[in-house]
Amino acid sequence: MAAPLMLMRRSCRQVTLLAAASRYWSSIPVAPPSLQSRLLLFLSQRFHDIETILSWSSWFKNRGLRQKNFFYGYTQQNYGDNIAAAYCILSLKGGFRFAGQSEWFRSDRRGKFNWDFMNHRDTSIEEVDVSNTLINYTGLENLVKQRGLRTLSVSGCAEVDDWFLSRLHIFQDTLEELDISNCPRISVGGLAALQKLRGLRRLNVSSLPKLQNPGLVAILLEEMLPHCHVTAVGYDHSLIYSQTQTDG
């Protein structure tokens, strides 16, 4: 019993001392924080809020990007490669044309589209226009089985980069027209990967901000793709290079 009583008395003394110290310090007038301190506190609080907002904004953006470029494996398995590719393009608010057909299927501004494309399960896609969409390297995976693809436009696509271009070699036997203009993430390294597209006849590389010397790039493309008409406008020195070769 003695030990507990001793502990209780010691605790009571400590509480009494803390209460006395609190009354003493509270009786001393405290100067208000300086303007600099208040400003730093304000900025730190606001910076934290902004940082949180930016973090959430980035998360939602990446989430939307992942959803737009989702691999439609279930659709591919149950409806075939052509329907899966068509649905991917329309989900991105793009457009396409089936081989042997004159009609284009496109999404409107609200992402609505005609479901009649489901009637062309056995018809491959020949032309694709996903300009100004969020398509990226992952989303391209939905199109790799379209081995009859002749034209592809990704103009103005912010997520199209060098990795995307390196994947286009799967269309080397059929792709004839490619528009990659106004894509801010494409560099010279990505353009070099286009050398495998030997069937290419038209290439638009206009207004690529990462190209520091478009003149040399045009010469490089001309040498790599001698049968291709290369358009490179929108630079300090607008250039259009065209070279054709005849057999013999």
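Note that the structure is a prediction, hence the values are computed from the model and not measured. For reference, positions follow the sequence shown, starting with 1.
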Determine whether a donor-acceptor pair (N or O, by modelled atom type, separation under 3.5 Å) exists between the side chain of Ser107 and the backbone of Leu90. yes
Under 3.5 Å donor-acceptor, Ser155 side chain and Asp179 backbone: no
Tell me, which pairs form a salt bridge (Lys or Arg N to Asp or Glu O under 4.0 Å) where one or both residues lie in residues 109-135, sequence neighbours left out? Arg97-Glu126, Arg97-Glu127, Arg106-Asp129, Glu126-Arg150
Does the side chain of Leu203 reach to within under 4.5 Å of the side chain of Leu221, using non-hydrogen atoms? yes
Between Ser131 and Ser153: side-chain donor-acceptor atoms closer than 3.5 Å: yes
Do Leu143 and Ile89 touch side chain to side chain, with heavy atoms closer than 4.5 Å? yes
Thr151 OG1 to Leu178 CG distance, which is reported to the nearest 0.5 Å: 9.5 Å
Could you check whether any side-chain N or O of Asp162 sits under 3.5 Å from a backbone N or O of Ser187, counting only pairs where one atom can act as donor and the other as acceptor? yes
Please tell me if the side chains of Arg185 and Glu159 come closer than 4.5 Å, counting only heavy atoms from C-beta onward. yes
Side chain to side chain, His169 and Arg167, heavy atoms closer than 4.5 Å: yes
Can you measure from CG (Leu225) to NE2 (His229) and round to the nearest 0.5 angstrom? 13.0 Å
Answer yes or no: does atom CZ of Arg202 have more than 12 heavy-atom neighbours from other residues, nucleotides or ligands under 6.0 Å? no
CD1-CG distance between Ile180 and Leu152, expressed to the nearest 0.5 angstrom: 9.5 Å
Does the ring center of Tyr74 lie less than 6.0 Å from the ring center of Tyr72? no
Treating Ile, Leu, Val, Met, Phe, Trp and Tyr as nodes and any side-chain heavy-atom pair under 4.5 angstrom as an edge, say whether Val144 and Trp163 lie in one connected cluster. no
Polar side chain donor-acceptor pair, Thr231 to Ser206, under 3.5 angstrom: no
CD1 of Ile170 to CG of Asp173, rounded to nearest 0.5 Å, is 11.0 Å
Less than 4.5 Å apart, any side-chain heavy atom of Leu208 and any of Cys183? yes
Are the side chains of Trp104 and Phe98 in contact, using a 4.5 Å heavy-atom criterion? no
Close side-chain approach of Asn82 and Gln146, heavy atoms under 4.5 Å: yes
Please tell me whether Phe105 and Phe96 form a close aromatic pair, meaning their ring centres lie under 6.0 Å apart. yes
dist Leu140:CG -> Cys88:SG (nearest 0.5 Å) comes out at 9.0 Å
Are the side chains of Arg201 and Cys228 in touch, meaning some heavy atoms are under 4.5 Å apart? no
Mark yes or no for whether Asn142, through its side chain, and Gly139, through its backbone, hold a donor-acceptor pair below 3.5 Å. yes
Is it the case that one hydrophobic cluster holds both Leu197 and Val188, taking links as side-chain heavy atoms less than 4.5 Å apart, direct or via other members? yes
